[in-house]
Protein chains: 2
Amino acid sequence: MLKEGWLWGLGSGLLLLWLSAWLRPAQGGRVLVMPVEGSHWLSMKVLATGLAQRGHNILVLVPETNILIQSSELFRTETFPVKISKEELSTSLKGFQEGVFKRSPALMDIVIQVGRLLNFTGTQVEGCESLLYNEPLMQKLKEENFDVVLTDPFLPCGPIIATALGLPAVYFLRGIPCGLDMLASQCPSPPSYVPRFQSGSTDKMTFVERIQNFVMSGVELVLCRIMYASFDELASRYLDADVTYQEIIGRGAIWLLRYDFTFEYPRPLMPNMVLIGGINCRKSAELSAEVEEFVKGSGEHGIVVFSLGSLVSSMPKEKAAIFFKAFSMIPQRVLWRYTGEIPDDVPENVKRMKWLPQNDLLGHPKAKAFITHGGTHGIYEGICHGVPMVMLPLFGDQGDNVHRVATRGVGVVLSIHDITAETLVDALNTVINDSSYKQRMEKLSAIHNDRPMQPLDLAVYWTEFVMRHKGADHLRPAAHDLNWLQYHSLDVIGFLLFIVLIVTLATFKCCALCWRRCCRKSQKRKED
Amino acid sequence: MLKEGWLWGLGSGLLLLWLSAWLRPAQGGRVLVMPVEGSHWLSMKVLATGLAQRGHNILVLVPETNILIQSSELFRTETFPVKISKEELSTSLKGFQEGVFKRSPALMDIVIQVGRLLNFTGTQVEGCESLLYNEPLMQKLKEENFDVVLTDPFLPCGPIIATALGLPAVYFLRGIPCGLDMLASQCPSPPSYVPRFQSGSTDKMTFVERIQNFVMSGVELVLCRIMYASFDELASRYLDADVTYQEIIGRGAIWLLRYDFTFEYPRPLMPNMVLIGGINCRKSAELSAEVEEFVKGSGEHGIVVFSLGSLVSSMPKEKAAIFFKAFSMIPQRVLWRYTGEIPDDVPENVKRMKWLPQNDLLGHPKAKAFITHGGTHGIYEGICHGVPMVMLPLFGDQGDNVHRVATRGVGVVLSIHDITAETLVDALNTVINDSSYKQRMEKLSAIHNDRPMQPLDLAVYWTEFVMRHKGADHLRPAAHDLNWLQYHSLDVIGFLLFIVLIVTLATFKCCALCWRRCCRKSQKRKED
């Protein structure tokens, strides 16, 4: 027995040694992270944390006035002063939060959306300037000898810093307005089946929808010029080169796209795009005792999880009353991220919280439905855990997102402006009691979770790849060396048409000449 | 001590149990494999074997008269009679092998290549007919209730069987002539930077090269019609539907492409394309004692590995003499797959073999250079093990392949028709003694081998995915529902131009009318 025990011991020791060698953290690289505020940061933090846990040295640049970006034990942060004060940010945020509940005329909606976006990016570009022209800080960054810049090209700071420091960039994003991501990465997006931002179309369009989408793809190009004018100006001024922002982000080594085709419509991709949609979803952890008790108390009816995202935790009193009323009419218990005014008669089945453990709640077996604004984070968590949704899009890409989910038959869309207690109760009853929603969602969830590598592992791998090989030049398409005319072979087509024209004209002239000579001869003969 | 030993034993036992559960073979699925003869089979066999080792039940369909497809202990085979006899195949193969060493006029070359391809596919289509109209066999296949068909769409048999049996198909291929693979999978291939078959261009083209490539992309479309006419006819006759072969293969669930961007030029991809270039490369195994002795005896000079692929193991006597002479002039030892006539004065440093353990030899530290015909299998093994190459393209895609390798600066191209002992020695000396070749090759090799998952694991995973989910519909682009005009939005552009024309004409007419009225009034006034 002793001998056998020793043999087992020796065997297992060797096995453990081998395992620990195999699972050892990577040789520490140096990663500079330039995040984008808001929910953008929430999923990038997952990768920053993953890289830190692999033994890399991470430095995150944080604006002094910020909303969600906070320090962590795992990585260093470097705070830089910005022009906007905490009060100004708070006021601006409040205005924004109130704005999303105000109905605007249908045609004005897109103008308001663009206005909001321009306002947001304007503030951020200012913040970016404060960083770029902060010479002591930039000098410090230069001296840190980073291996890679991890950033979201939604804002210009990260890509410009990467260019200024001569470092390869890894992008982490869902997308950039105007489809600038696809333009910059030279990725084809045929307007015949790739629906444009806010087009309201799916990938299967009627002739009229295709016309609309085609026109919108042209409008996008014009919008881009306006929207990114300040980015272009900053980039060319700071880098002292005649360069557009599109060109700058076109230099990125790897695009970690928060894409998955259980949510997005299938479309062409480029070799340096790595799909990591759902990176924020993880196995649900245990809930706090208090929350677990509330959840368990829901019995067979289960719970409804309700959040309108990281930026909107409150709403006008009258709007909130609709939700409270609706919740009093359903048998489920509701966990709601809500910090707004509380009416006197809050139903007993509602638990208001400052911050929801959203992923853990959705992963709980009692989760029956998810009321969401349709941000991609929530949607991926919903798909990952297989929970049907009632969706209330508020701004930005959310209208498109909820449309995608609804066409899959796994969720119902309501308008935040037209919502009533009855429509909300109806929608909840539909997704909870019509079993087809749950069935389709479970199928979608099974496909989403069936991937050869977990998104986080993939993201970590490719970031380390860029560090190991100082970029990913072998994945860079030669299309970057062509201008628009050349890329679409329009110069070649023009040249060939010109040749055809010349040849046709020459042939015609020759024939005419021959004809005339023949005529003359026969006339002469007649005269003779 | 006893206690500690037991603890270790218990721990390791649990660990092993967990490991064995984790590494357990998949629940056996049923896979029907319809391979393509020649080197195509050599790499597909790697996947068939991998699937069998995972516990799947594999049936490989084998034509009675075959070259390389053989049975294995790991999978079942089903032989089907074909019209061509062993003697006919042997004669045809001999004619082909002799043909590749005959020089043809430059312009005739492409005609000969296409002729050869048509001849080859013609024979294979006949074989395919023998299989499809073999009713007892087809009935048997139907009754086997397969989960998936694994096939190479280079030939029509597999995709047609998959359609006939209503099964999802997984494709395993490098490519299909005429770019039919990209057409069928709806993958954009802009002619401005994606070089066409035998264009002789890289992805960075001059204006003239772009014109040539553009014209060739048009020629391809016409060539395709001719080449695949027999495939179209067979598909629509057998399936009794008005369908083209392109449409049939467009239904494939997953495209396992033997692509890697250390070899191919970066280009757009589709979501259902999985890149498994280099799947045939593996860690080199030990050589036989005899070969190992020969290799070791090469001393500091090392060895040269020489093979012209699975189909060409012989050559005309005069041609062989050039190689023997060249090898007598170099200090390296040469291992040559050669079954042709042997001269009297074979140099001592040359070992002729019927079949080379090519991968193991290239993976040997003594390997200094690789003389190859430029088939993708050999090239990937060369890149994988980091061995610079001297390349002698013979037929098919080999001209394009060697061009790709040469532009990476890791190999030298020679013409099999113009080769002399001196040029060969020069080429070998260059790739062996000019250290820049080895350096570039090592860099390329490092990038090629730095992938998040091994190609075989990836191929197995996605084949199992298709079995688990009965296809991969979520990756199928909506472009499949559009015709050529719609896909390129030409109908939309035409409609918009029409509207612009109408509006312009109407505006013009209105203005003309107003003008005329104004004129009349002023005239009247004058008259008054």
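Since we're looking at a predicted model, the values are computed, not measured. In what follows, every chain begins at residue 1, and chains take the letters A, B, ... in the order their sequences are listed.
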Taking heavy atoms only and a threshold strictly under 4.5 Å, list by residue number the residues of residues 472-485 of chain A that touch chain B; give 'none' if the list is empty. A:His474, A:Leu475, A:Arg476, A:Pro477, A:Ala478, A:Ala479, A:Asp481, A:Leu482
Hydrogens and angles aside, do A:Ser489 and B:Arg210 bring a side-chain donor and acceptor to less than 3.5 Å of each other? no
[X] versus chain A, the contacting section by heavy-atom distance below 4.5 Å:
{"X": "B:Tyr487", "answer": "both"}
{"X": "B:Leu458", "answer": "side chain"}
{"X": "B:Leu496", "answer": "side chain"}

Measure across A:Asn272 and A:Ala253 and return the closest heavy-atom pair with its distance rounded to 0.1 Å. CB-O, 3.3 Å
If you count heavy-atom pairs under 4.5 Å with chain B, which of [options] comes out on top?
{"options": "A:Asp491, A:Ile493, A:Val215, A:Leu275", "answer": "A:Asp491"}
{"options": "A:Thr202, A:Val194, A:Asn213, A:Asp203", "answer": "A:Asp203"}
{"options": "A:Pro188, A:Pro191, A:Pro271", "answer": "A:Pro271"}

Salt bridge (Lys or Arg N to Asp or Glu O under 4.0 Å) contacts touching residues 261-273 of chain A (sequence neighbours left out): A:Arg174-A:Glu264, A:Glu264-A:Arg404
Excluding sequence neighbours, so at least two apart, what forms side-chain contact (heavy atoms from CB on, under 4.5 Å) with A:Val208? A:Thr206
Take atom NZ of A:Lys470 as the centre, draw a 6.0 Å sphere, and report whether it contains more than 12 heavy atoms from other residues, nucleotides or ligands. no
Show which side-chain atoms of residues 445-457 of chain B pair as donor or acceptor with protein atoms under 3.5 Å away, not counting sequence neighbours.
residue	atom	partner	partner atom	Å
B:Ser445	OG	B:Ile383	O	2.7
B:Ser445	OG	B:Cys384	O	2.9
B:Ser445	OG	B:Asn449	ND2	3.4
B:His448	ND1	B:Asp260	OD2	3.1
B:His448	ND1	B:Thr262	OG1	3.4
B:His448	NE2	B:Arg451	NH2	3.4
B:Asn449	ND2	B:Cys384	O	2.9
B:Asn449	ND2	B:Ser445	O	3.2
B:Asp450	OD1	A:Tyr461	OH	2.3
B:Asp450	OD1	A:Arg468	NH2	3.0
B:Asp450	OD2	A:Arg468	NE	2.7
B:Asp450	OD2	A:Arg468	NH2	3.2
B:Asp450	OD2	A:His469	NE2	2.7
B:Arg451	NE	B:His448	O	2.8
B:Arg451	NH1	B:Asp260	OD1	3.4
B:Arg451	NH1	B:Gly277	O	2.7
B:Arg451	NH2	B:Gly277	O	3.4
B:Arg451	NH2	B:His448	O	3.4

